[in-house]
Peer 1: 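Attaching a single structure in structure tokens format; questions to follow.
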Amino acid sequence: MENDKALRKWLDDFNLSHPLVIAGPCSAETEDQVLAIANDLKNSDATIYRAGIWKPRTRPGGFEGVGAIGLKWLQKAKAETGLLMAVEVANAAHVKLALDHDIDVLWIGARTTVNPFAVQEIADALQNSEKIVLIKNPVNPDLALWVGGIERLYNAGIKNIGAIHRGFSTYEKTKYRNIPEWQIPIELRNRFPDLPLICDPSHITGRRALIQEVSQQALDLNYDGLMIETHHDPDNAWSDAAQQVTPAVLKQICSELKIRRKTANEDDYKYEMKKLRERIDSVDTKLLDLIGSRMRIAEEIGKLKKEKNVAILQNRRWNEILAKMKSEGEAIGLTEEFILRFFNAIHQESIAHQEKVING
Ligand code: PEP
Ligand code: MN
């Protein structure tokens, strides 16, 4: 599949003066809940109302969605508000029910994108459909799998496609629920500059306090829109309570977002520079996170050495690390001088952490 100017037609047709906003609860819970939130969103920047009807849950026993009955509530919400309706689909049966109930936008969830059989089944069920179909990144940081999903839709004659970046799962503890790995959607954008790209800061952050910040980062990277989970009583939501915001907060977030202009000449330079700096900032934050994790491991080593009464400084081991880093550093264009200064600083800090565990 090649980039195609027509890919962004569906988005341009909305004629919005601001980024596209998709808002609504993680899950449809009751008819009253669906209607109350939709009505609160009527006078907001939201164009599309989202609500999960079938919920993929990590473990059994959680709330797995209200099922097809919820589609009727969405039809009512559409009639009352004029908002377009979006649901997650994971198989052909979901697609059929969604189409039967006149749902406007279908999205493929992160746990489905990982499975080419499931994506193909959905693409086949939607053959030549005019519906808008959005595909979230797979849970693992695999751009090829994400692109493969987009291609399956495109090859099935679906022309109104968009990608949703919802972050990637990791075993490491970070401040995010799903780490953004911005370089992956940036690479997607480089390959398909006209494919609408939407950020889902709710599933990236897992925490409502970080949604503004990540939304702004996305807009600064020239994303086309945001999908933000919105609930009239977030703390009591049946799924993803910690990351949902009220409709009032959603409006506040939208009003505070700075929408970057993309204009000619010297403004172009400023714009490009800003994007590069954002990338540098995100790498720096990651670097710090990594160094923090390294120190936590050093502390574990300190504990072990304490238990076994072993000295902190192990010269042979340290020289092996330095030699290895010098050669790996050289391979990626880093000078020996830098590697020595950088790792000596890290080593010193690491010894200080071990010292604290052993003597502190
Ligand atoms: C959702 O949007 O509620 C959802 C389940 O998201 P994801 O597929 O990104 O986990
Ligand atoms: Mn959710």
Side-chain angles (χ1 to χ4, degrees), residues 10-11 14 16-53 55 65 70-71 73-88 98 103-107 109-110 132-134 136 162-167 177 196-219 223-257 259:
W10 68 266
L11 180 64
F14 285 134
L16 301 171
S17 58
H18 53 73
L20 176 71
V21 176
I22 304 173
C26 177
S27 305
E29 298 166 4
T30 63
E31 181 171 339
D32 286 349
Q33 173 245 18
V34 165
L35 295 177
I37 301 168
N39 277 296
D40 281 350
L41 287 170
K42 223 170 14 184
N43 300 311
S44 72
D45 281 355
T47 303
I48 302 175
Y49 186 71
R50 61 148 287 155
I53 297 292
K55 300 302 299 177
L71 296 167
W73 309 338
L74 292 179
Q75 282 180 306
K76 248 192 187 172
K78 182 174 172 173
E80 282 186 18
T81 64
L83 290 164
L84 298 181
M85 295 292 134
V87 297
E88 174 175 348
I103 296 295
D104 309 280
V105 178
L106 293 83
W107 88 82
I132 297 167
V133 185
L134 307 176
K136 288 197 172 192
I164 303 178
H165 169 220
R166 52 76 80 194
R177 178 179 177 194
L197 179 60
I198 292 158
C199 181
D200 173 346
S202 310
H203 289 89
I204 289 177
T205 64
R207 287 195 276 159
R208 62 181 74 96
L210 295 177
I211 287 178
Q212 175 89 43
E213 167 187 323
V214 170
S215 301
Q216 186 64 58
Q217 269 178 294
L219 294 195
Y223 279 51
D224 299 291
L226 299 166
M227 176 187 256
I228 300 182
E229 286 190 337
T230 311
H231 194 290
H232 63 324
D233 184 9
D235 285 331
N236 292 307
W238 297 2
S239 58
D240 288 351
Q243 69 193 33
Q244 305 206 54
V245 297
T246 59
V249 169
L250 178 90
K251 289 177 199 172
Q252 181 73 21
I253 290 174
C254 292
S255 74
E256 284 175 12
L257 284 173
I259 298 161

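These figures come from a predicted structure and were not determined experimentally.
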Peer 1: Counting N and O atoms only, with roles assigned by atom type, does the side chain of Gln212 sit under 3.5 Å from a partner on the main chain of Gln252, one being a donor and the other an acceptor?
Peer 2: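 No, because the side chain of Gln212 does not come within donor-acceptor range (under 3.5 Å) of the backbone of Gln252.
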Peer 1: Can you tell me how far the OG atom of Ser27 sits from the CD atom of Gln33, to the nearest 0.5 Å?
Peer 2: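 These two atoms lie 8.0 Å from each other.
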Peer 1: Output all residues satisfying side chain to side chain contact (heavy atoms under 4.5 Å, CB included) with Ala237, sequence neighbours left out; order by chain, then residue number.
Peer 2: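 Scan of Ala237 (side chain to side chain contact (heavy atoms under 4.5 Å, CB included), adjacent residues dropped) gives Glu29, His231, Ala241, Gln244.
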Peer 1: Decide side chain to side chain contact (heavy atoms under 4.5 Å, CB included) for Ser44 and Val21; before the verdict, give the C-alpha distance in whole Å, the side-chain angles of both, and the deciding distance to 0.1 Å.
Peer 2: CA-CA 9 Å; Ser44 72; Val21 176; 6.0 Å; no
Peer 1: What is the minimum heavy-atom distance between Thr230 and Ile37, and which atoms define it?
Peer 2: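 Closest heavy-atom pair between Thr230 and Ile37: O-CG2, 3.6 Å.
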Peer 1: As an exercise, state the distance from CG of Leu226 to CD1 of Ile164, rounded to the nearest 0.5 Å.
Peer 2: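 One finds 11.0 Å between CG of Leu226 and CD1 of Ile164.
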Peer 1: Measure the spacing between OG of Ser17 and CG of Asp45 and express it to the nearest 0.5 Å.
Peer 2: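 Here the rounded value is 7.5 Å.
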Peer 1: Give, for atom CE of Met227 and atom CG of Asp200, the distance between the pair rounded to the nearest 0.5 Å.
Peer 2: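 So the CE of Met227 and the CG of Asp200 are separated by 6.5 Å.
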Peer 1: Looking at Arg50 and Glu229, does any basic side-chain N land under 4.0 Å from a carboxylate oxygen?
Peer 2: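 Here Arg50 pairs with Glu229 in a salt bridge, since their nearest N and O are under 4.0 Å apart.
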Peer 1: To the nearest 0.5 angstrom, please state how far the CD1 atom of Ile198 sits from the CD1 atom of Ile228.
Peer 2: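 If I round to the nearest 0.5 Å, the distance is 11.5 Å.
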Peer 1: Looking only at heavy atoms, what is the nearest atom pair of Gly24 and Leu41, with distance?
Peer 2: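 Looks like N-CD1, 4.0 Å.
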Peer 1: Got a second to check how far Asp40's CG is from Thr81's OG1, nearest 0.5 Å?
Peer 2: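 Here the interatomic distance stands at 11.0 Å.
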Peer 1: For Asp224 and Leu197, indicate whether the former's side chain and the latter's backbone hold a donor-acceptor pair under 3.5 Å.
Peer 2: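 Checked: pair present.
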Peer 1: Report the residues that fulfil salt bridge (charged side-chain N to carboxylate O under 4.0 Å, His left out) with Asp240, sequence neighbours left out, ordered by chain and then residue number.
Peer 2: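 Expected list: Arg177.
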Peer 1: Looking only at heavy atoms, which two atoms of Ala86 and Ile103 are closest? And how far apart?
Peer 2: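 Distance-wise, the nearest heavy atoms are CA-CG2, 4.2 Å.
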Peer 1: Determine whether Glu88 and Lys136 make a side-chain contact, defined as any pair of heavy atoms from C-beta on separated by less than 4.5 Å.
Peer 2: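 When only atoms from C-beta onward are counted, Lys136 and Glu88 do not touch, as no gap falls below 4.5 Å.
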Peer 1: Is any side-chain heavy atom of Pro201 closer than 4.5 Å to a side-chain heavy atom of Gln217?
Peer 2: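 Of all side-chain heavy-atom pairs linking Gln217 with Pro201, none is under 4.5 Å.
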Peer 1: Can you pull out every ring pair (Phe, Tyr, Trp, His ring centres under 6.0 Å) where at least one residue sits in residues 232-256? Sequence neighbours excluded, please.
Peer 2: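 Residue pairs with at least one partner in residues 232-256: Phe63-Trp238.
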Peer 1: So do Ile22 and Leu134 actually touch side chain to side chain, heavy atoms under 4.5 Å?
Peer 2: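 Sidechains of Ile22 and Leu134: in contact.
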Peer 1: Mind checking what makes side chain to side chain contact (heavy atoms under 4.5 Å, CB included) contact with Thr47, not counting sequence neighbours?
Peer 2: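 Applying side chain to side chain contact (heavy atoms under 4.5 Å, CB included) to Thr47 gives Phe14, Leu16, Leu20.
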Peer 1: Would you call Asp235-Arg208 a salt bridge at under 4.0 Å N-O?
Peer 2: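 Salt bridge present between Asp235 and Arg208.
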Peer 1: Please check this pair: side chain of Lys76 against backbone of Val34, looking for a donor-acceptor N/O pair closer than 3.5 Å.
Peer 2: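 No: the side chain of Lys76 does not pair with the backbone of Val34.
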Peer 1: Lys78: which residues meet the side chain to side chain contact (heavy atoms under 4.5 Å, CB included) condition with it, sequence neighbours left out?
Peer 2: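 Side chain to side chain contact (heavy atoms under 4.5 Å, CB included) list for Lys78, sorted by chain: Met85, Asp102, Asp104.
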Peer 1: Could you give all pairs that pass the ring pair (Phe, Tyr, Trp, His ring centres under 6.0 Å) test and reach residues 20-49, with sequence neighbours left out?
Peer 2: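 For residues 20-49, and leaving out neighbouring residues, there are no ring pair (Phe, Tyr, Trp, His ring centres under 6.0 Å) pairs at all.
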Peer 1: If you look at every heavy atom in Ala242 and Gly206, which pair is closest and at what distance?
Peer 2: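 Closest heavy-atom pair between Ala242 and Gly206: CB-O, 3.7 Å.
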